[in-house]
Amino acid sequence: MSAVLMQFLQTLMATLVDVLPIAAIIFGFQFLVIRKPVSNLRKVLIGFAYVLVGLSLFLMGLEKALFPLGRLMAEQLTQVSFIYQGVETALHTFHWSDYYWVYIFAFTIGFSTTIAEPSLIAVAIKANDVSGGTIGVWGLRIAVALGVAIGISLGSYRIITGIPIHYFIITGYIVVVIQTFYAPKMIVPLAYDSGGVTTSTVTVPLVTALGLGLAENVPGRNVLIDGFGLIAFASLFPIMSVMAYAQLSKCRGGKIAQNK
Amino acid sequence: MKEAFIALFKSMTGSLRDLLPIILVIAFFQIVVLQQPIANFSEIVLGTFFVILGLTFFIYGLEMGLFPIGESMAYAFAKKGSVTWLLIFAFSLGFGTTVAEPALIAVAAEASEIAAVGNMINNTEEAKNSYANGLRLTVAFSVGIAIVIGVLRILKGWSIQYMIIGGYILVVIMTSVAPREIIGIAYDSGGVTTSTITVPLVTALGVGLASSISGRNPMVDGFGLIAFASLTPMIFVMAYGMII
């Protein structure tokens with residue numbers, strides 16, 4: 001039990017160090033520039049304490065339970081011995097579709113980690129608030145999670161085939177630009193934002209492990225050059241999926257209005 | 001007391017629901033695909049419990065502390081009417097939250113490794129450290145600039161599309177001239193800069209600013225700060241890779 005407590009205190013300290021500059025900036029400006037007492041200062045401070053404790057518990061739990069398993073699985077799924085179970089590797093020229101379990105894993109792990117991502121929950125709450133309920137918390141979260149899932153699967157495909165990353169990213173940009181002109185104006189800034197919020201605490205460590213595992217085990221790939229880029233995919237595709245979600249709900253809303 | 005307990009229990013079931021997909025995915029792959037027994041089962045149950053508890057506290061504290069302070073500061077700056085101070089605040093918030101970001105520190109270390117292997121810098125500890133530090137400062141600086149641009153956009157009511165599309169065009173141009181080794185890292189650095197505490201705070205700041213300035217719509221103008229913060233690092237990191 002004391003080992004768990006020690007671990008918690010260590011994580012808490014690390015989180016505290018991360019939060020310290022932010023707190024210093026906020027309270028520094030509050031007291032030196034704005035020079036007004038914070039309303040409900042006690043409540044805000046308690047809220048900060050909750051955030052700290054919550055984030056530390058969250059990180060520690062992930063480190064204890066999910067990350068080791070997730071990392072191990074990413075490694076095992078990309079291993080040559082798993083891909084060609086029993087088949088002689090020498091007789092088998094490798095084909096991108098041999099890695100189908102990797103794509104399924106990439107898709108499901110991308111989706112599920114995004115659903116649990118705390119910063120996405122925060123943004124979804126805010127968006128729901130600001131839009132007066134038009135944008136549902138779950139609608140946004142599922143749209144973003146689907147985007148990440150597609151992005152990471154496609155990113156895995158890229159690592160396996162070795163196609164240069166910028167072809168995908170530039171094509172993605174073109175799609176985003178086209179969608180921007182057709183999507184409801186209200187959703188555009190939120191969609192752009194959702195690219196950045198998806199990739200923090202939960203997604204990055206697991207996805208990075210998957211990318212490095214793939215680049216290490218697929219013949220002809222270089223860890224240093226091909227191991228990166230999954231995060232970039234995970235931040236690009238939610239932009240498209242959120243705009244698509246808005247377009248779909250607009251279409252559906254339009255149809256219902258016509259039927260009436 | 002009893003009500004508080006029920007509320008806590010309720011939000012914990014919510015957190016469990018948020019987490020359930022990950023548990024299912026990992027269990028499925030472990031049992032059906034890889035067909036391996038799960039080692040340290042009790043440890044994993046304990047860890048999962050911590051994750052659920054932590055997520056509950058985090059969301060609770062978010063609505064109690066982070067959102068209100070972000071918004072009240074936005075209101076205070078809007079009322080004070082000092083654009084200079086607001087922009088200085090925006091820059092320090094972007095720079096300060098990014099420079100200490102653990103994900104960024106990790107990525108910078110990886111990047112210095114790549115640069116050393118690719119003979120862009122000398123393969124010594126010293127050269128790698130200075131490269132990694134330079135990269136970190138570059139990214140932090142670019143996030144600071146991004147928040148400043150984003151806040152200016154909210155103040156002026158510029159439309160976001162053209163700015164982001166302009167940014168994309170810059171990224172594409174930079175990609176064609178930057179060294180190949182840096183491109184993957186540069187694209188990734190856009191995603192890793194925005195941490196779990198920065199995102200709610202910056203979102204609250206943007207929405208607060210947009211709702212305290214008349215003529216701005218919080219939905220159309222309030223969001224978008226994070227978008228800038230994930231775009232500028234790509235451009236700056238590629239520029240850094242070209243200069244060094």
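Below, read A as the first sequence line, B as the second, and so on, with proteins coming before strands; counting in each chain starts at 1. Side chains included, hydrogens not; waters and symmetry mates left out as well; all remaining heavy atoms used.
The most heavy-atom pairs under 4.5 Å with chain A, out of B/Thr175, B/Ile69, B/Thr203, B/Val45, come from B/Ile69. The choice from B/Ile226, B/Ile23, B/Asp188 that makes the most heavy-atom pairs within less than 4.5 Å of chain A is B/Asp188. Ranking A/Phe111, A/Trp138, A/Phe48 against chain B, the residue ahead of the rest is A/Trp138, based on heavy-atom pairs under 4.5 Å. Contact count versus chain A (heavy atoms, under 4.5 Å) is highest, among B/Glu43, B/Met73, B/Gln161, for B/Met73.
When all heavy atoms of B/Glu63 and A/Ile125 are compared, the closest pair comes out as OE2-CD1, 3.8 Å. Closest heavy-atom contact between A/Lys126 and B/Phe223: C-CZ, 4.3 Å. Nearest heavy atom pair, residue B/Leu225 against residue A/Asp193, reads N-OD1, 3.6 Å. In terms of heavy atoms, A/Ala122 sits closest to B/Leu62 at CB-CD2, 3.4 Å.
In this structure, CE on B/Met163 lies 11.5 Å from OH on A/Tyr192, to the nearest 0.5 angstrom. Put simply, OH on B/Tyr187 and NE2 on A/His166 are 7.0 Å apart, with the number rounded to the nearest 0.5 Å. The OG atom of B/Ser230 sits 7.0 Å away from atom CD1 of A/Ile239, with the distance rounded to the nearest 0.5 Å. With rounding to the nearest 0.5 Å, the separation of CZ in A/Phe8 from CZ in B/Phe50 is 8.5 Å. In this structure, OH in B/Tyr168 is found 6.0 Å from CG in A/Leu236, a value given to the nearest 0.5 Å. Atom CG of residue B/Asn217 and atom OG of residue A/Ser131 lie 10.0 Å apart, to the nearest 0.5 angstrom.
Taking the six-membered ring for Trp, A/Phe58 and B/Phe58 have ring centres at least 6.0 Å apart.
Interface residue A/Ile169: only side-chain heavy atoms are found under 4.5 Å from chain B. Contacts between B/Leu24 and chain A at a heavy-atom distance below 4.5 Å are absent for every atom of the residue. For A/Ala191, no part lies under 4.5 angstrom from a heavy atom of chain B. In this structure, the portions of B/Ile22 lying under 4.5 Å from any heavy atom of chain A include both its backbone and its side chain. Heavy atoms closer than 4.5 Å to chain A are found nowhere in B/Ile52, neither backbone nor side chain. Within the 4.5 angstrom heavy-atom criterion, only side-chain atoms of B/Val207, from C-beta onward, approach chain A. In this structure, the portions of A/Pro189 lying under 4.5 Å from any heavy atom of chain B include both its backbone and its side chain. Heavy atoms closer than 4.5 Å to chain A are found in the side chain of B/Ile59, but not in its backbone. Residue A/Ile174: no heavy atom, backbone or side chain, is found under 4.5 Å from chain B. Using a 4.5 Å cut-off between heavy atoms, A/Leu20 does not touch chain B at all. Contacts between B/Gln30 and chain A at a heavy-atom distance below 4.5 Å involve backbone atoms as well as side-chain atoms.
When the shell of 6.0 Å around OH of B/Tyr60 is examined, it contains 12 or fewer heavy atoms from other residues, nucleotides or ligands.
Taking the six-membered ring for Trp and thresholds of 30 and 60 degrees, B/Phe28 and A/Trp101 have ring planes inclined between 30 and 60 degrees apart.
Between B/Phe57 and A/Val51 the shortest side-chain heavy-atom distance does not fall below 4.5 Å. Two residues are said to be in side-chain contact when any heavy atoms from C-beta on lie closer than 4.5 Å; B/Phe29 and A/Ile104 meet this criterion. Side-chain contact check for B/Phe95 versus A/Ile25: every heavy-atom pair is 4.5 Å or farther apart. At a threshold of 4.5 Å between non-hydrogen side-chain atoms, the residues B/Met219 and A/Thr134 do not count as touching.
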